[in-house]
Enquirer: 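Take a look at the following structure, please.
Lettering follows sequence order; numbering is per chain, from 1. Values below: every heavy atom of this structure, side chains too, minus hydrogens, waters and symmetry copies.
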Protein chains: 2
Amino acid sequence: MSTAGDTPHRHRPPRVPRGQRRRHEILIVAERAFLGQGFTETTMQSIAAAAGASKETLYRHFKSKDDLLIEIVLARTAELRRALDGDVDSGAGMAAVLTHLGRNLLTAVTTPDTVALLRIVIAETVRNPDLGLSLYTAGPERTNRLLTGYLAAAKSRGEFHGDDAALAASLFLGSVLGNEPLVGLLRRPKHPMTAKAIEARVGEAVTLFMTRYAATPPGAAEAAPSRTG
Amino acid sequence: MSTAGDTPHRHRPPRVPRGQRRRHEILIVAERAFLGQGFTETTMQSIAAAAGASKETLYRHFKSKDDLLIEIVLARTAELRRALDGDVDSGAGMAAVLTHLGRNLLTAVTTPDTVALLRIVIAETVRNPDLGLSLYTAGPERTNRLLTGYLAAAKSRGEFHGDDAALAASLFLGSVLGNEPLVGLLRRPKHPMTAKAIEARVGEAVTLFMTRYAATPPGAAEAAPSRTG
DNA sequence: TTATAACCGTACTTATCGGTTCGGTTAGGG
DNA sequence: CCCTAACCGAACCGATAAGTACGGTTATAA
């Protein structure tokens, strides 16, 4: 009889490779499962099945289910960090930089995968505060810091007029995103924003920002700051 | 002799009332538990204990744990709806209305209870999409609609200059809130924003908005809309 | 006073799932 | 060719918690 190649018990899924590669494959499968159905809703058993593996193999590579999640989140945050860094140092004018940054940000925030990951992290932050913290510092906080730094530099170049670069940055980022993050978090799949809608929103947010904070065109009065409460 | 008030078996917690009142008490206790420790982390047993009740009583009043949560969320959203309605029709000037609305909103969003509820709903939205939807329509969407309506009216009064009231409203609300919602969701307790910080942020957001969208002071050029991409 | 319904405490049922163990199998390096 | 480590499948363990059942108790209304 055939020693290998046949179906020892039933039909066997195509043989999978060994070694360290297995680990990465599991990571991929698990991420897809978590993002697609949620963390709690995904069992280790189902991950094993989807990866054509056994639970023992899962636990050989990862200490626990939480550990598996942590690695996925960390990988994504690292990726996020990398993506954000490139956005600000393009040497273009302020409006262009803001537009570019805003577009990327809004696109990212309306991507289903991003939203799904965010939802999971928010939910698991109760049990594991580090998760939320790492995603926060790699995402929103980092973005704020980046833009704040850019604005401070722009100020010294005379491109930006404003007392508080950090506040201005936060205002801009908020105006770009609006409650789009919450939309994804609170409503099921839904069509993500169209590219056109994104463009419109970012454009208006940039205009809003520039109207107040860019160098005032010669001849116009300085932006009126006081509104008597 | 005292017919009641003694301790039949051991010491008994102060006798609790009967009837429909019990239901409301359970609701209160459960809400505190859910908000304080999270939904999954709270057992029906612990709610019963905290309410001085038995599980049977819980299940007499509520079909299931999910049912209990739903009622709590619905009660809160109703409350939210009520609170928001009063904010816009004060008849004051646009800057004042925006300031008032912004302050209330930012305060609400940085309140621990609000954040805790939001976190729960986001987490449970996977299993129960209606929860998220109801909170979304009662909260962010409603706020947007309200402000949009106000701006449209303001436009007809000549107080607001802008093509897209809905977009302007969303931009303002976004700039007021920034990523403050995410801060609460992703980082543990943390001190909520101080009243002073809230005031500063709202003030600047209002100024930003007014600079672009309010009637331009006589003599100044019309706000420059075009930035050649 | 008595019937009834809400109630308490406790124990039980049932189900899920993370994590472990084990016996047999397969791949790949020496 | 064979030894070893990674692997599979399946059974198992332990914990947790939702929901139910039950027997005894107390308030309240008739």
Enquirer: Taking N and O atoms by type only, does the side chain of E56(A) place a donor or acceptor under 3.5 Å from a partner on the base of dC8(D)?
Expert: yes
Enquirer: What integer distance in Å separates R21(A):CZ from dA6(D):P?
Expert: 16 Å
Enquirer: Contact class for A53(A) vs. all strands (heavy atom < 4.0 Å): base, sugar-phosphate, or nothing?
Expert: sugar-phosphate
Enquirer: Closer than 4.0 Å, any side-chain N/O of T57(A) to the OP1 or OP2 of dA6(D)?
Expert: no
Enquirer: May I have the list of side-chain donor-acceptor pairs in residues 128-136 of chain B shorter than 3.5 Å, sequence neighbours left out?
Expert:
| unit_1 | atom_1 | unit_2 | atom_2 | d |
| --- | --- | --- | --- | --- |
| N128(B) | OD1 | D130(B) | N | 3.4 |
| S134(B) | OG | L131(B) | O | 3.2 |

Enquirer: Check DNA chain C against residues 29-37 of chain A and give the residues with a non-hydrogen atom under 4.0 Å, in numerical order.
Expert: none
Enquirer: Can you check the F62(A) CZ to dG18(C) C1' distance for me, whole Å?
Expert: 16 Å
Enquirer: So R76(B) and E31(B), side chain to side chain contact (heavy atoms under 4.5 Å, CB included) or not? Walk me through it.
Expert: CA-CA 10 Å; R76(B) 282 271 180 173; E31(B) 175 172 304; 2.5 Å; yes
Enquirer: Contact between T40(A) and R127(B) at the side-chain level, heavy atoms closer than 4.5 Å - yes or no?
Expert: no
Enquirer: Polar atoms only, N or O, under 3.5 Å: list the protein pairs with nucleotides 14-19 of chain D and their distances.
Expert:
| unit_1 | atom_1 | unit_2 | atom_2 | d |
| --- | --- | --- | --- | --- |
| dA18(D) | OP1 | K65(B) | NZ | 2.8 |
| dA18(D) | OP2 | M44(B) | N | 3.0 |
| dG19(D) | OP2 | Y59(B) | OH | 2.9 |
| dG19(D) | OP2 | K65(B) | N | 3.0 |
| dG19(D) | N7 | K55(B) | NZ | 2.6 |
| dG19(D) | O6 | K55(B) | NZ | 2.7 |

Enquirer: Please tell me if the side chains of V206(A) and V202(A) come closer than 4.5 Å, counting only heavy atoms from C-beta onward.
Expert: yes
Enquirer: If you check the R60(A) side chain, which of dA6(D), dC8(D), dC8(C) turns out closest?
Expert: dA6(D)
Enquirer: Can you measure R22(A) atom CZ to dT26(C) atom P for me and round it to whole angstrom units?
Expert: 15 Å
Enquirer: Within this structure, what is the CD1-CD1 distance for the pair I120(A) and I122(B), rounded to the nearest 0.5 Å?
Expert: 13.0 Å
Enquirer: Is V115(A) close to V183(A) at the side-chain level, that is, under 4.5 Å between some pair of heavy atoms?
Expert: no
Enquirer: Grab the NE2-P distance between H61(A) and dG19(C) for me, whole Å please.
Expert: 16 Å
Enquirer: Are the side chains of L177(B) and N179(A) in touch, meaning some heavy atoms are under 4.5 Å apart?
Expert: no
Enquirer: Does either side chain, that of R201(A) or that of S170(B), offer a donor lying less than 3.5 Å from an acceptor on the other one?
Expert: yes
Enquirer: Measure CZ/R23(B) against P/dC7(C) and give the value in whole Å, please.
Expert: 12 Å
Enquirer: Is it true that R22(A) and E25(A) make a salt bridge, defined as a side-chain N closer than 4.0 Å to a carboxylate O?
Expert: yes
Enquirer: Whole angstrom is fine here: how far is it from CG in L69(A) over to C1' in dG18(C)?
Expert: 15 Å
